[in-house]
*Asks:* 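Let me begin by handing over the structure; questions about it come next.
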Amino acid sequence: MSSVSSQPQFRLTQPPSKVLHLRNLPWECTEEELVELGKPFGKVVNTKCNVGPNRNQAFIEFADLNQAIAMISYYASSSEPAQVRGKTVYLQYSNRQEIVNNKTTADVGGNVLLVTIEGADARLVSIDVLHLVFSAFGFVHKITTFEKTAGFQALVQFSDAETASSAKNALDGRNIPSYLLPEHLGPCTLRITYSAHTDLSVKFQSHRSRDYTNANLPVAPSAIDANGMFSVGLDGKKLEPESNVLLASIENMQYAVTLDVLHMVFSSFGPVQKIAMFDKNGGLQALIQYPDVQTAVVAKEALEGHCIYDGGFCKLHLSYSRHSDLSIKVNNDRSRDYTIPNTVMMNPQPSILGQQPAATHGPPAHPYPRSSFCSNNRASSDDASAFCWMGHRWSTGTPFYACPDESQSLFATWNHATSNGPWNDADAKPWWPAAACSCNASLQTRS
DNA sequence: AGCACA
């Protein structure tokens, strides 16, 4: 009960320990990088990274106290500070004598995440946006949202604990990208823990809960309008009638937008059944058909207003078509029916929506050089390598991040493994893995 | 930029 602490929080001189405390580490510093850093001074027997509120602290434990002392004294007198990925890291003896790697209940989670959305406008975050965000890591089975004293919360159910954990690791503490939110909204931060639930009970599709595994689940009466359509948005706003077919018009088409390009872009959100392209009013338009309305809604939300290429080129404008099933007479470079057999089948995602057919895209024909992945790479005209990163992901699963930049291009990308990305501050968190990119990643990692 | 984990 004493309010006077006898120990200062940080002592100026720490007594030596074979455990060193590191801080100011770059984002997502790996265990390997820590071992690399300590190796010249002795045997690193244990590490712990992603420590602290910013996850930028770590511990390394040497086999022997002298090795820790060697490292500290080396950097105490060195003109070159200790660095990881070019970032200065600060070292000191830990106030503990060994690293405790407790796998606590918070670490061994289940397949359901408890997500708290923080921020003044948190309750304005739509369930569709949450779905989009979490779908970047794998198939989202169900979402329920509710308000508690803790604020606006959601339970997000994945197939398995691994997927849930990857989503948690990537998203905990992050802000929802502003481009996914209505313009006036302030930052919305995700705080994620594991839920004890394993299977959520969702009775209706509504603005508060969704079951993406059951296309036949009734829509909540509150979300149905007089025409019997599911047309009430989150905040009760009227939406245009949704459809499984999107009408895309492409503005500022400096670069060729081909059928394949459209297929790749729209396949990121679900299997594309049919595409028909045509010219209208001197511009290019296309109809893109998904098997279900939900997928079209997610795709529309994610892609609307975005540019296929950096620099404001090939900006997409999407609306719902009144069609529900396109009639494709012939497969050519302007129209295609991907549901007809004898195309490559490579959709490892379980067919959760029942009638959902397998996606029919294959990897691009040519592998593209790694150099084209760098962040300042500009797509060149008539060059399909603008999408090379997607092909690369598909074929290897290498983690790339897409960077929606100032122009909100979807496809400014960089190789996370070899580059800090296009942000200036090495400590800054990278942009969201764009849904387009990560949905493919999740397709890739399932088998 | 300053010590994990319940």
Side-chain angles (χ1 to χ4, degrees), chain A residues 1 3-38 41-42 44-65 67-110 112-116 149-150 153 161 164-166 168-174 191-197 420 423-430:
Chain A
M1 60 171 283
S3 60
V4 182
S5 170
S6 55
Q7 292 287 335
Q9 189 180 6
F10 307 108
R11 282 160 292 191
L12 286 174
T13 54
Q14 307 277 357
S17 159
K18 58 185 165 55
V19 180
L20 300 183
H21 174 233
L22 286 71
R23 53 185 205 271
N24 202 39
L25 288 159
W27 180 75
E28 265 191 6
C29 176
T30 64
E31 222 173 282
E32 290 71 33
E33 288 171 311
L34 297 177
V35 172
E36 217 41 48
L37 191 66
F41 305 96
V44 176
V45 295
N46 203 354
T47 64
K48 189 181 181 83
C49 29
N50 297 320
V51 168
N54 296 324
R55 319 251 245 121
N56 62 352
Q57 300 173 41
F59 298 93
I60 62 183
E61 179 178 339
F62 284 101
D64 189 84
L65 178 63
Q67 299 168 348
I69 295 174
M71 185 164 181
I72 290 289
S73 36
Y74 173 84
Y75 284 115
S77 57
S78 165
S79 55
E80 287 292 309
Q83 291 187 338
V84 172
R85 278 181 244 161
K87 195 162 190 254
T88 298
V89 304
Y90 300 88
L91 301 168
Q92 63 189 149
Y93 296 115
S94 171
N95 53 25
R96 301 198 197 180
Q97 293 303 308
E98 58 184 19
I99 291 177
V100 185
N101 293 81
N102 279 338
K103 283 274 180 262
T104 56
T105 48
D107 297 318
V108 288
V112 178
L113 299 176
L114 172 63
V115 181
T116 306
T149 44
Q153 295 189 303
S165 142
S166 66
K168 177 176 180 292
N169 289 337
L171 299 181
D172 189 19
R174 297 289 167 77
R191 301 286 169 197
I192 305 177
T193 58
Y194 290 106
S195 161
H197 290 89
N420 267 332
W423 57 86
N424 298 323
D425 176 6
D427 201 28
K429 287 167 180 173

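Values below: every heavy atom of this structure, side chains too, minus hydrogens, waters and symmetry copies. Keep in mind it's a predicted model, so treat the numbers as computed, not measured. Chain letters run A, B, ... following the sequence lines, proteins first, then strands; residues in each count from 1.
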*Asks:* Let me know the distance between CG of Asn95(A) and C1' of dC5(B), rounded to the nearest Å.
*Replies:*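 So the CG-C1' distance, Asn95(A) to dC5(B), works out to 13 Å.
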
*Asks:* For Glu98(A), what residues pass the salt bridge (charged side-chain N to carboxylate O under 4.0 Å, His left out) criterion, not counting sequence neighbours?
*Replies:* none

*Asks:* Before we go on, tell me: are the rings of Tyr75(A) and Tyr90(A) under 6.0 Å apart, centre to centre?
*Replies:*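 Aromatic pair excluded; centres sit 6.0 Å or further apart.
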
*Asks:* Quick one: Leu25(A) CG to dA1(B) C1', roughly how many Å, whole number?
*Replies:* 11 Å

*Asks:* For the side chain of Gln14(A), starting at C-beta, report the closest nucleotide among dA4(B), dG2(B), dA1(B).
*Replies:* dG2(B)

*Asks:* Starting at NE2 of His21(A) and ending at P of dA1(B), how long is that distance when rounded to a whole Å?
*Replies:* 13 Å

*Asks:* Establish, with yes or no, whether the OP1 or OP2 oxygen of dG2(B) is under 4.0 angstrom from a side-chain nitrogen or oxygen of Gln57(A).
*Replies:* yes

*Asks:* Measure the distance from CG on Asn56(A) to P on dA4(B) and round it to the nearest whole Å.
*Replies:*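 Interatomic distance, CG of Asn56(A) to P of dA4(B): 13 Å.
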
*Asks:* Considering only side-chain heavy atoms of Asn24(A), which listed nucleotide, dG2(B), dA1(B), dA4(B), is closest?
*Replies:* dA1(B)

*Asks:* Need to verify one output field. Residue with the more 5' nearest nucleotide on DNA chain B, Lys48(A) or Arg23(A)?
*Replies:*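 Whichever sits nearer the 5' end wins; that is Arg23(A).
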
*Asks:* Round to a whole Å and report the spacing from CD1 of Ile60(A) to C1' of dA4(B).
*Replies:*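 To the nearest whole Å, that distance equals 15 Å.
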
*Asks:* Could you check whether Tyr90(A) and the base of dG2(B) form a stacked pair, meaning centres closer than 5.5 Å and planes differing by less than 30°?
*Replies:* no

*Asks:* Give the rounded distance in Å between these two atoms: CZ of Phe59(A) and C1' of dA4(B).
*Replies:* 5 Å

*Asks:* State whether the side chain of Asn56(A) and the backbone N or O of Asn24(A) hold a donor-acceptor pair below 3.5 Å, judged by distance alone.
*Replies:*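 No.
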
*Asks:* Rounded to whole Å, how long is the line connecting atom CG of Asn101(A) with atom P of dA6(B)?
*Replies:* 14 Å

*Asks:* Considering every strand and a 4.0 Å limit on heavy-atom distances, what is the contact class for Val51(A): base, sugar-phosphate, or nothing?
*Replies:*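 Val51(A): backbone/sugar contact only, no base atoms under 4.0 Å.
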
*Asks:* Output the distance between atom CD (Glu36(A)) and atom OG1 (Thr30(A)), rounded to the nearest 0.5 Å.
*Replies:*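 Rounded to the nearest 0.5 Å, the CD-OG1 separation comes to 9.0 Å.
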
*Asks:* Assert yes or no for the condition that the ring centre distance of Phe41(A) to Phe62(A) is strictly below 6.0 Å.
*Replies:* no

*Asks:* Give the rounded distance in Å between these two atoms: CG of Leu22(A) and C1' of dA4(B).
*Replies:*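 Rounded to whole Å, this separation is 13 Å.
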
*Asks:* For Glu98(A), answer base if it contacts any base atom (sugar-phosphate contacts may also be present), sugar-phosphate if it contacts only those atoms, and nothing otherwise; contact means non-hydrogen atoms under 4.0 Å.
*Replies:* base

